[in-house]
Amino acid sequence: MMQISDRPQRRLVRISGWMFAGATVVAVAVIAVDWFSAGTASVLIGPLDDQILLSASVLIASVALVMSLLSVSSPTWMLPFKILGVLGAAVAVLGAGFSTLWSIDVTMTTLTDNGCDTGYVVVERSLLMGSSGMVYRQDGPIVSSPMARTSGNDAHQPFAAGDYGAAVDGKALIVEYRPDPAGSRVTLELPVIADRRPSCGYANTSLSARPEPSELTEPAEVLTPSEADAEIRRLLDASLAVTAGTPIDAAGATLDASAAIPNPVPCAEGSGMQHHVDLDFRTDDNARSVARILGVWDDAGYESDRAMQEDIRYSETAPVARMTIRDTTSIDGLVRMTLTSACMSAE
């Protein structure tokens, strides 16, 4: 029979027992809600969803088990079993610890429409370059129903950043968000929660999923290939004019920007085509040249972003929709720059 060696260790065993019991109660409650609802409901306490609660419960219970095993003395013949128990609990600590690590950067956002809550919340979590989320319908103080999954690129949490829009369309709540700040929109359709009084006063989000009245919308100007090429040429000339020294191509010849011919490529979203230019060059100081080129695009009113060691400038209204630039001096001594026009008709 295992014996507790002294009073401090006896106190430690009691503490670990309470820890184990509390963690077990939480884990059983989370599992019970999921079991009895056939997976249609889960526990949600603030940003703490069932995944976080289960991971934390297993971690606490495993730590408590290790504390208990190390705090009691045992006969020599039981020592191998004690060692196996400690090792098993330690493995559980490591596994639960890694799962809990995925839950460190967690946010909960109230999903709003025109400044009023919709009865939905979004829980998002990020780790390294990954991001994912879940839309929950709030059914009670601690019980919610998972309704849809969301995602984000480069650890971007679109709902926490307000990079979404929501609007009621009949009996559906249409939600649009951007997984990438410079990318296209993703649409979710959720049922409108009836018979509830919304709470208002929330800040407006950056996107709008609400269509503007047609009588107030002026027809958009149609972008032509010649207009797109002219704007590409203008911004390209302005960019190369500020480099440190004369830019040269990979072969060592002076870079002739006028010889860069835009190539037609299919639109990333929808039908039509875009004009695309790729340039590889080097300057007397590539880092300084990149900073100066980015300043040209900033002065032109473009929005900024960055992804995987690549600087991005983008616009949703300008003839040139996107510019990316990457300094690969440490690899091949070059600066790699691309310009892409807005989408145009293929006719």
Side-chain angles (χ1 to χ4, degrees), residues 25-59 96 99-127 130-153 155-179 185-210:
V25 168
V26 172
V28 169
V30 171
I31 295 173
V33 170
D34 181 77
W35 175 270
F36 288 108
S37 67
T40 61
S42 62
V43 176
L44 181 65
I45 305 175
L48 306 180
D49 59 9
D50 52 357
Q51 177 180 330
I52 300 175
L53 292 171
L54 276 177
S55 299
S57 297
V58 172
L59 177 62
S99 180
T100 304
L101 181 65
W102 176 248
S103 306
I104 290 178
D105 186 7
V106 178
T107 60
M108 185 180 75
T109 305
T110 300
L111 196 62
T112 63
D113 170 21
N114 200 28
C116 297
D117 79 291
T118 60
Y120 293 96
V121 296
V122 184
V123 175
E124 297 172 285
R125 53 172 53 87
S126 300
L127 179 65
S131 177
S132 65
M134 178 70 74
V135 181
Y136 290 94
R137 184 188 65 211
Q138 295 178 298
D139 300 327
I142 63 171
V143 177
S144 299
S145 299
M147 303 297 294
R149 292 189 178 274
T150 67
S151 62
N153 298 331
H156 177 54
Q157 296 183 349
F159 290 89
D163 195 12
Y164 76 93
V168 175
D169 183 11
K171 294 184 178 181
L173 177 68
I174 306 300
V175 180
E176 292 184 346
Y177 72 96
R178 280 194 292 232
R185 302 184 182 190
V186 175
T187 301
L188 302 175
E189 184 173 325
L190 305 169
V192 174
I193 304 176
D195 301 327
R196 62 178 301 275
R197 178 176 296 178
S199 175
C200 298
Y202 291 90
N204 290 328
T205 56
S206 61
L207 295 184
S208 174
R210 191 183 305 278

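Heavy atoms only: backbone and side chains are in, while hydrogens, waters and symmetry mates are out.
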Using a strict threshold of under 4.0 Å (side-chain N to carboxylate O), is an ion pair present between Asp117 and Arg197?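 No, no charged N to carboxylate O under 4.0 Å.
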
For [X] and [Y], work out which heavy atoms get closest and say how close.
| X | Y | value |
| --- | --- | --- |
| Ala166 | Leu173 | CB-CD1, 4.2 Å |
| Ala148 | Leu190 | CB-CD2, 4.2 Å |
| Leu44 | Ser144 | CD2-OG, 3.6 Å |
| Thr40 | Pro146 | O-CD, 3.6 Å |
| Pro198 | Cys116 | CB-CB, 4.2 Å |
| Asp50 | Ser42 | OD2-CB, 3.5 Å |

Heavy-atom distance under 4.5 Å between the side chains of [X] and [Y], does that happen here?
| X | Y | result |
| --- | --- | --- |
| Arg137 | Val121 | no |
| Phe36 | Ile31 | no |
| Glu124 | Val122 | yes |
| Asp163 | His156 | yes |

Applying side-chain hydrogen bond (donor to acceptor under 3.5 Å, both in side chains), can you list everything that pairs with Asp169, at least two apart in sequence or on another chain?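 With neighbours one apart ignored, the set is empty.
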
For this output row, return yes or no: ring centroids of Tyr120 and Tyr136 closer than 6.0 angstrom.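 Aromatic pair excluded; centres sit 6.0 Å or further apart.
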
Is there a donor-acceptor pair under 3.5 Å between the side chain of [X] and the backbone N or O of [Y]?
| X | Y | value |
| --- | --- | --- |
| Tyr164 | Thr112 | yes |
| Thr118 | Leu111 | yes |
| Gln157 | Ser131 | no |

Check the pair Val123 / Thr107 against side chain to side chain contact (heavy atoms under 4.5 Å, CB included), numbers first and verdict last. CA-CA 6 Å; Val123 175; Thr107 60; over 6 Å; no

Distance (rounded to the nearest 0.5 Å) between [X] [atom1] and [Y] [atom2]:
| X | Y | atom1 | atom2 | value |
| --- | --- | --- | --- | --- |
| Thr110 | Tyr202 | OG1 | OH | 4.0 Å |
| Ile174 | Thr187 | CD1 | OG1 | 7.5 Å |
| Ile193 | Met147 | CD1 | CE | 7.5 Å |
| Leu48 | Met108 | CG | CE | 9.0 Å |

Does the side-chain hydrogen bond (donor to acceptor under 3.5 Å, both in side chains) test come out yes or no for Asp139 and Ser145, once each step is laid out? CA-CA 7 Å; Asp139 300 327; Ser145 299; 2.3 Å; yes

Audit row: Asp49, Arg125, side chain to side chain contact (heavy atoms under 4.5 Å, CB included) steps and yes/no: CA-CA 11 Å; Asp49 59 9; Arg125 53 172 53 87; 3.0 Å; yes

Could you walk me through whether Glu176 and Leu188 satisfy the side chain to side chain contact (heavy atoms under 4.5 Å, CB included) test, starting with their C-alpha distance in whole Å, then the side-chain angles of each, then the deciding distance to 0.1 Å, before giving a yes or no? CA-CA 6 Å; Glu176 292 184 346; Leu188 302 175; over 6 Å; no

